[in-house]
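Below: the structure, in structure tokens.
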Amino acid sequence: MGPAGAELRRADIVVTSTGSQLPVIGRDLLKKVMKARRGAPVFLVDIAVPRDVDPEVTRLEQVFLYNIDDLQGIVHDNLRSRSAEAERAGVLVAEEVAEFVRWQRSRGVGPLLKALQDHGRAVVEGELARQRGKLQGLTPEQTRAVETLASGIVQKLLHRPMTTLRQSAAGGEGQAEVHDLASAVQALFGLAAGEAAVEAAARAGRCRPSSASQRGACHCRPRRPRRPAQLGT
């Protein structure tokens with residue numbers, strides 16, 4: 001087999017890249033090598049141009065030959081696979097960013113929602129305190145049942161306006177629409193949250209995703225107060 005055959009006999013993976021114009025590994029040489037290897041498989045990677053390995057060697061059992069074309073095909077397959085994964089990752093990122101923006105918008109109505117909850121809790125506690133004398137004949141279990149019933153009724157009554165406020169802000173309604181809705185809730189329930197809570201709710205409607213990125217990112221910024229002009233003396 002000569003020196004080349006002796007080296008091939010010991011190798012399981014062979015990478016060839018010479019400047020030879022003729023194949024340096026032929027079928028006859030590799031047939032002797034495979035006989036000496038007792039059928040152990042060998043992988044040949046031929047990256048030379050012209051090729052170093054005679055394509056006829058693939059007729060031998062347990063001989064696997066890969067050339068430049070095969071490697072380029074593998075690279076292209078990997079690139080296509082990575083591109084598909086990148087697209088799927090982009091969809092996931094866009095969904096998560098959109099969810100974050102909805103959450104960020106809904107925070108703007110937080111003070112008004114808290115004021116509405118506090119109002120409902122105060123109504124329950126006030127009515128229970130007012131009727132405390134009429135409830136003295138009840139057992140502790142019955143008293144707790146009445147308290148739970150009263151709290152549940154108030155929560156159900158407040159559920160729709162609270163949900164509408166939250167969805168209006170999270171859904172990206174305009175600043176004027178959110179402001180009008182928040183003002184209406186404040187007036188209808190007589191809340192003392194103040195104009196600051198209404199303005200905070202309205203700012204939630206100002207926060208909109210960037211049209212350039214199309215990823216739902218929020219680019220709104222609080223306005224800086226205008227510095228008063230200084231008059232010279």
Side-chain angles (χ1 to χ4, degrees), residues 88-227:
R88 283 193 286 269
V91 172
L92 291 177
V93 170
E95 291 175 352
E96 291 300 320
V97 170
E99 181 63 27
F100 172 77
V101 171
R102 285 192 292 268
W103 168 82
Q104 188 179 47
R105 287 170 174 165
S106 66
R107 293 183 63 192
V109 297
L112 191 57
L113 294 178
K114 182 179 183 303
L116 195 54
Q117 289 177 327
D118 292 343
H119 172 70
R121 191 178 302 110
V123 170
V124 172
E125 294 174 353
E127 289 301 310
L128 289 175
R130 195 165 62 88
Q131 300 296 330
R132 190 69 63 187
K134 299 180 181 180
L135 302 177
Q136 289 181 353
L138 301 181
T139 64
E141 291 78 9
Q142 292 172 332
T143 301
R144 284 195 294 270
V146 171
E147 293 174 350
T148 302
L149 177 62
S151 178
I153 291 173
V154 170
Q155 288 300 318
K156 285 184 179 297
L157 289 174
L158 296 182
H159 175 73
R160 178 59 62 86
M162 292 178 64
T163 301
T164 303
L165 267 174
R166 190 179 293 109
Q167 291 178 345
S168 178
E173 297 292 340
Q175 182 181 2
E177 289 82 355
V178 177
H179 182 279
D180 292 344
L181 182 59
S183 298
V185 169
Q186 185 182 19
L188 287 171
F189 290 92
L191 302 180
E195 188 65 20
V198 176
E199 289 298 330
R203 282 195 297 271
R206 187 188 304 162
C207 180
R208 295 181 180 276
S210 169
S211 58
S213 63
Q214 297 297 325
R215 294 299 186 189
C218 175
H219 290 269
C220 63
R221 294 289 185 272
R223 296 181 178 178
R224 295 183 178 179
R226 181 176 296 177
R227 182 176 300 175

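Numbers for residues simply follow the sequence, beginning at 1.
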Original post:
Rounded to the nearest 0.5 Å, what separation is found between the CD atom of Glu127 and the OG atom of Ser151?
Top reply: 13.5 Å
**OP:** Return the minimal non-hydrogen interatomic distance between His119 and Leu191, and the atom names on each side.
**Re:** CB-CD2, 3.5 Å
**OP:** Could you tell me which non-hydrogen atom of Leu158 sits nearest to which non-hydrogen atom of Gly120, and how far apart they are?
**Re:** CD1-CA, 3.9 Å
Original post:
Roughly how far, to the nearest 0.5 Å, is the CZ atom of Phe189 from the CG atom of Leu157?
Top reply: 7.5 Å
Original post:
Does Gln136 have any side chain to side chain contact (heavy atoms under 4.5 Å, CB included) partners at least two apart in sequence or in another chain, and if so, which?
Top reply: none
Original post:
Do the side chains of Asp118 and Lys114 get nearer than 4.5 Å, heavy atoms only?
Top reply: yes
**OP:** Give, for atom CG of Leu116 and atom NE2 of His159, the distance between the pair rounded to the nearest 0.5 Å.
**Re:** 12.0 Å
Original post:
With sequence neighbours excluded, what pairs up with Arg132 under the side chain to side chain contact (heavy atoms under 4.5 Å, CB included) test?
Top reply: Leu128, Thr143, Glu147
Original post:
Hey, what do you get for CG (Leu165) to CG (Leu181), rounding to the nearest 0.5 Å?
Top reply: 4.5 Å
